[in-house]
Amino acid sequence: MSITDEGEYGQKQIDFLELIWGKGFLSPGGTTEVDLVIEGLDLSGLNILDIGCGCGGAVFHLIEQHGAATAIGVDIEPLVISRAKALADEYNLNDKASFEVVTPGPLPFSDMQFDMVFSKDAFLHIPDKESLMADIARVLKPDGIIAASDWMRLDDNPPSQVMADYIAAEGLDMHMCSLDRYSKALAAAGFSDIHRCDRNAWYLDLAQQEWKSMAAEPLRSQIIDCIGKAAADETSNIWRKMIGVLEIGEHRPGHFRAQKLR
Ligand SMILES: C[S@@+](CC[C@H](N)C(=O)[O-])C[C@H]1O[C@@H](n2cnc3c(N)ncnc32)[C@H](O)[C@@H]1O
């Protein structure tokens, strides 16, 4: 039994990823990485949309530590939204944080509704980057900001065999593209002041540490308790393949930020 057999972000996947990456997070780096994505921005009083919010870790951080007025998290997976809502209850943040299940496609929001769109490691699941950036421009106010982290690729050529093997091992619907493709999509959608940041070296180092910790106690036993031994071995194998494609530089986590022209 694989941890994606019950859905891409089913209960086992959520429990496992929160164990590795921290409460409320289904992506690496936690609040420190969120801080880097928005470094230098003043979020006080802003209304923010988080696309692919997962269990809400970034939404809570943007409100509690950066003074966002409201943050709406959207995701296509009902179980991650249930978990985000439970955490909003636990943190007593229901007045400022809200979460909605959406269907893939155009965002169910009015034009010029948000001051900022945030996203962390979710756009890789959305194939049409050009339509996505145009829709984000639509829901942003003039001068609004997009600030995102994503798992990208070195270029937009067909994946190498090792990259294809890694993506197959993940068992997720992954459409990783280059930072260049995002830059072009942002410019075409009417964004300017595009800033980019490559995070390959950072995540290569962290992923190697994660892989070692996953094989050692106490984490190994915690993972087996959470998802069973076969799935624990499978996830270790996924990390090994992921480290391989990080090492050759084809898997390139990164950040980008841009401002909507008036
Ligand atoms: C790697 S997780 C990251 C979650 C969260 N941003 C975090 O950093 O913890 C990717 C998330 O994107 C969501 N997702 C996939 N396709 C989506 C879509 N078309 N629209 C919104 N969310 C999507 C998945 O359900 C999943 O929760």
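Just follow the structure's listing: the first ligand is 1, and inside any ligand the first atom is 1. None of the values given here were measured: they were computed from a predicted structure. For the numbers below, each heavy atom of this structure counts, side chains included, while hydrogens, waters and symmetry mates do not.
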Please work out which of the three classes, parallel, tilted or perpendicular, describes the rings of [Y] and [X], given edges at 30° and 60°.
X: H61; Y: H66; result: perpendicular
X: F114; Y: F109; result: perpendicular
X: W239; Y: W21; result: tilted

Mind running side-chain hydrogen bond (donor to acceptor under 3.5 Å, both in side chains) on E210 and Y203 for me, showing each step along the way?
CA-CA 10 Å; E210 289 167 349; Y203 193 47; 2.8 Å; yes

How long is the span from the NE2 atom in H251 to the NZ atom in K241, to the nearest 0.5 Å?
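The NZ atom of K241 is 14.0 Å from NE2 of H251, to the nearest 0.5 Å.
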
Pairwise side-chain contact, R181 with D155, heavy-atom cut-off 4.5 Å (strictly under)
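When only atoms from C-beta onward are counted, D155 and R181 do not touch, as no gap falls below 4.5 Å.
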
Any side-chain donor-acceptor pair under 3.5 Å between K120 and S149?
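Checked: K120/S149 side chains show no N/O donor-acceptor pair below 3.5 Å.
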
What do you reckon, does [X] have a nitrogen or oxygen under 3.5 Å from a nitrogen or oxygen of ligand 1?
X: Y9; answer: no
X: D75; answer: yes
X: D121; answer: no

Proximity to ligand 1 by part of C53, non-hydrogen separation under 4.0 Å:
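The answer is the backbone.
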
Of the protein's non-hydrogen atoms, which lies at the shortest distance from [atom], and what is that distance?
atom: atom 12 (O) of ligand 1; result: A122 CB, 3.4 Å
atom: atom 19 (N) of ligand 1; result: I126 CG1, 3.5 Å
atom: atom 14 (N) of ligand 1; result: I76 CG1, 3.9 Å
atom: atom 8 (O) of ligand 1; result: S27 OG, 2.6 Å
atom: atom 9 (O) of ligand 1; result: L26 N, 2.6 Å
atom: atom 3 (C) of ligand 1; result: K120 O, 3.6 Å

Applying salt bridge (Lys or Arg N to Asp or Glu O under 4.0 Å) between D180 and each of K129, R153, R252, R196, report the one that passes.
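The passing option is R196.
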
Number the atoms of ligand 1 from 1 as they appear, then name those within less than 4.0 Å of a heavy atom of E77, with their elements.
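Numbered from 1, ligand 1 contributes 25 (O).
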
Could you list which atoms of ligand 1 come closer than 4.0 Å to a heavy atom of H125?
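Answer for ligand 1: 10 (C), 12 (O), 15 (C), 16 (N).
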
Test side chain to side chain contact (heavy atoms under 4.5 Å, CB included) on S110 and V139 and set out the steps.
CA-CA 6 Å; S110 313; V139 300; over 6 Å; no

Hey, looking at atom 5 (C) of ligand 1, which of G22, S149, G57, G52 has the closest heavy atom?
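Comparing heavy atoms across G22, S149, G57, G52, the nearest one to atom 5 (C) of ligand 1 lies in G52.
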
